[in-house]
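We use all heavy atoms of the structure for the numbers below, so side chains are in, but hydrogens, waters and symmetry mates are not. Within every chain, numbering begins at 1; the chains are lettered A, B, ... in the order of the sequence lines, protein sequences first and strands thereafter. Bear in mind the structure is a predicted one, so any value in this text is a computation, not a measurement.
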Number of protein chains: 2
Amino acid sequence: MTEPPPPPPRRRPLTLRDVSEASGVSEMTVSRVLRNRGDVSEPTRRRVMDAARRLGYVPNRIAGALASQRVNLVGVIIPSLSNMVFPEVLAGISEVLEETGLQPVVGVTRYAAAREETVIYEMLSWRPSGIILAGVEHSAATRAMLRQAGVPVVEIMDTDGVPVDSMVGISHRRAGLAMAEAIVAAGYRRIGFLGTLMPEDHRARKRMEGLEEGLAAAGLTLADREYYAGGSALAKGREMTAAILGRTPDLDFLYYSNDMIGAGGLLWCLEQGFDVPERLGLAGFNNIELLDGLPRRLATMDACRREIGRRAAGIVLARQAGVVVELTPTLQPGDTVRRR
Amino acid sequence: MTEPPPPPPRRRPLTLRDVSEASGVSEMTVSRVLRNRGDVSEPTRRRVMDAARRLGYVPNRIAGALASQRVNLVGVIIPSLSNMVFPEVLAGISEVLEETGLQPVVGVTRYAAAREETVIYEMLSWRPSGIILAGVEHSAATRAMLRQAGVPVVEIMDTDGVPVDSMVGISHRRAGLAMAEAIVAAGYRRIGFLGTLMPEDHRARKRMEGLEEGLAAAGLTLADREYYAGGSALAKGREMTAAILGRTPDLDFLYYSNDMIGAGGLLWCLEQGFDVPERLGLAGFNNIELLDGLPRRLATMDACRREIGRRAAGIVLARQAGVVVELTPTLQPGDTVRRR
DNA sequence: CTGAAAGCGCTAACAG
DNA sequence: CTGTTAGCGCTTTCAG
């Protein structure tokens, strides 16, 4: 680290008035030119643009938003950025918002309800044009804030619950149930579940409940479970798989709450020489891109993340209220479920 | 007895005046209470808080920022969110900013200079308290904007260049050079490079240049190269490795521009039965968490991402100018470089 | 087509 | 401790 030299001049940011004076055009007309609003003669327009560019003027949106009561921001509240799933939803949102002048602003809750409340409060204090947030489980205070906000609110990813306003996602309960049916149909009988311990991961929990429901319908119950928290998911997948199979060696199917731990489990099983999928079947959830590079294709279910983002953005754009969209995830059996 | 229906959604958001009227306290004092500023008697404070909570008041930061000329936002501009590296830098930034009242706002450039310019322009229009951006290569217009902004600007990740203001990172050229030295010292002689084709990935390019410089010092040159763009990095790593070894079978070391393609290459080599690291050495870059779960530990270099984020945030917090911090990445030889 | 006046909702700076 | 008075930099509205 070097010594900081004398701090360079931090001048006052330029204002519309500076551009007005430099161009000899009234502030009002400068404003019109810069916003492309109303009719302005070509010569005037050019003089203004030249002055603005020459000075390096950047408009002050704070003042603009206050005066116009309009903000081009959409709040997007998600639990985490280290789980690839959320950047993908974001990509879908950006895709739609891209050329509309609206701009997503991301807030991260780290799967904590208290943080979610704070993050949403902060967001709303900037008076965004809409809110998109992951999940349907929120504190009473959060729901109240959202209801009062007076802008479109879209809860995404999960449709097992009652939304504040609009909702776009899949039913994770039904996803788990569909997986149970596929597992049973493939002839597996001793099923284990491996997942996150985080009590706030409602979607993983719902998938497990759906799985149990589906197994129950076939007269089966979960034979064993294994939970984890933190660390490298790929490494955890290995450890957990070793642990659950060590404890309950006769399991013939492992359902992972996400693809990353599933991938770890798959690598471990292949190294150990397990006969996958004959002796042992495996499945994850999410259809992450990484699966493309594994030695064998893990069974999974695509959660329609991009599409969810697109739909949610569309609702905000159209200023719709009370819309509910339930998408259907597709099962991708890959190479780790027996074919009958 | 019938429940009174919940209050209907409010069209006009509440203002300080509403809280003032509901509590019978002047707007100014309400403002003081809500900001925890100046002395206010306990009874008054309580009346205000009660009214604010009861009404569900959320302050309008747009007005607040305009009046106070202070914005609690720090712009963070990164190329991508799907590359884990950046969320990790972000985590370091958040860690420091967490309890300071400052809040990071993320912008994504997708490795495109034009988009970077737009994103930064948008950011600056909100008059943030600081800007942290990845890389030191920016368009002249971008640099001009940044210089005019009048707030701390910290360019991160890379120190091979001239910063607009402050700079925190590692020298990627030197990282490549250090890797070359390690490779040569381990006795490898026929080295191949595998990396991104993106012309905007300056850091990967600098590592390659550093590598070549280091090899040259030992009288060696790069024996072959292979580039890719898009798709699953893990899968690409496999394909590229197959391609380069198909073309130049006598290569004895592969240097990957990032760990994800390196991991793909490693998996492929192990499946093909290559003798790693004796017959063929491998190395990546970044030390991503995923490496923990692979069958063998890929050699890599830790790019100090979290620390970079922390330092950058610290500079913004302290409103410092012209600070330069060069961190030194540590080589982690793992299991894929011969030991001599 | 262009300009002048009146705020947007809040806070700095003073008075009391 | 509490209230009053001016704006913050821009846009809306309404005249020319």
Does any residue of residues 58-67 of chain A have a heavy atom under 4.0 Å from DNA chain C, and if so, which ones, in number order?
-> A:L66, A:A67
Side-chain donor/acceptor of B:S166 to backbone N/O of B:V324, under 3.5 Å = no
Separation of C:dC10 C1' from A:R127 CZ (nearest whole Å) | 11 Å
Around B:E42, counting heavy atoms of other residues, nucleotides and ligands shown, do more than 12 lie under 6.0 Å from its CD?
-> yes
Determine whether more than 12 heavy atoms belonging to other residues, nucleotides or ligands lie under 6.0 Å from atom CE of A:M49.
-> no
Which angle, to the nearest 10 degrees, lies between the helix axes at the two ends of the helix from C:dC1-D:dG16 to C:dG16-D:dC1, each defined by five pairs?
-> 30°
So which of residues 18-34 of chain A are in contact with DNA chain D, with a heavy-atom cut-off of under 4.0 Å?
-> A:M28, A:S31, A:R32
Is the backbone of A:V25 close enough, under 3.5 Å, to the side chain of A:T29 for a donor and an acceptor to pair up by distance?
-> no
Any B:Y57 side-chain nitrogen or oxygen under 4.0 Å from OP1 or OP2 of C:dG9 = no
Without placing hydrogens or testing angles, list every side-chain donor-acceptor pair under 3.5 Å for residues 31-38 of chain A, not counting sequence neighbours.
{"residue": "A:S31", "atom": "OG", "partner": "A:R35", "partner atom": "NE", "Å": "3.1"}
{"residue": "A:S31", "atom": "OG", "partner": "A:R35", "partner atom": "NH2", "Å": "2.9"}
{"residue": "A:R35", "atom": "NE", "partner": "A:S31", "partner atom": "O", "Å": "3.3"}
{"residue": "A:N36", "atom": "OD1", "partner": "A:R45", "partner atom": "NH2", "Å": "3.0"}

Qualifying salt bridge (Lys or Arg N to Asp or Glu O under 4.0 Å) pairs, either residue in residues 113-125 of chain A, two or more places apart = A:R115-B:E98, A:E122-B:R61
Does any N or O in the side chain of A:R319 come within less than 3.5 Å of the main-chain N or O of A:V316, such that one atom is a donor and the other an acceptor?
-> no
Got a sec, which residues hit side chain to side chain donor-acceptor pair (under 3.5 Å) with A:D201, two or more places apart in sequence or on another chain?
-> A:T196
Figure out the CD/C1' separation between B:Q69 and C:dG9, and round it to whole Å.
-> 14 Å
Please list, chain by chain and in numerical order, all residues satisfying side-chain contact (heavy atoms from CB on, under 4.5 Å) with A:D160, sequence neighbours excluded.
-> A:D158, A:S171, A:H172, A:R173, A:K206
From B:D18 CG over to B:S23 OG, what is the distance, rounded to the nearest 0.5 angstrom?
-> 10.5 Å
Got a sec, which residues hit side-chain contact (heavy atoms from CB on, under 4.5 Å) with B:N83, two or more places apart in sequence or on another chain?
-> B:S80, B:V85, B:F86, B:Y111
DNA chain C-proximal residues of residues 40-51 of chain A, any heavy atom under 4.0 Å = A:V40, A:S41, A:T44
B:S68: side-chain contact (heavy atoms from CB on, under 4.5 Å) partners, not counting sequence neighbours | B:R70
Leading and trailing nucleotides of DNA chain D with any atom under 4.0 Å from heavy atoms of chain A | D:dG9 to D:dT13
Please check if the side chain of A:E326 supplies one atom and the backbone of A:T159 the other of a donor-acceptor pair under 3.5 Å.
-> no
For B:L16, the option from B:E27, B:M28, B:E21 that meets side-chain contact (heavy atoms from CB on, under 4.5 Å) = B:E27
By salt bridge (Lys or Arg N to Asp or Glu O under 4.0 Å) - contacts of A:R311 (at least two apart) | A:E307
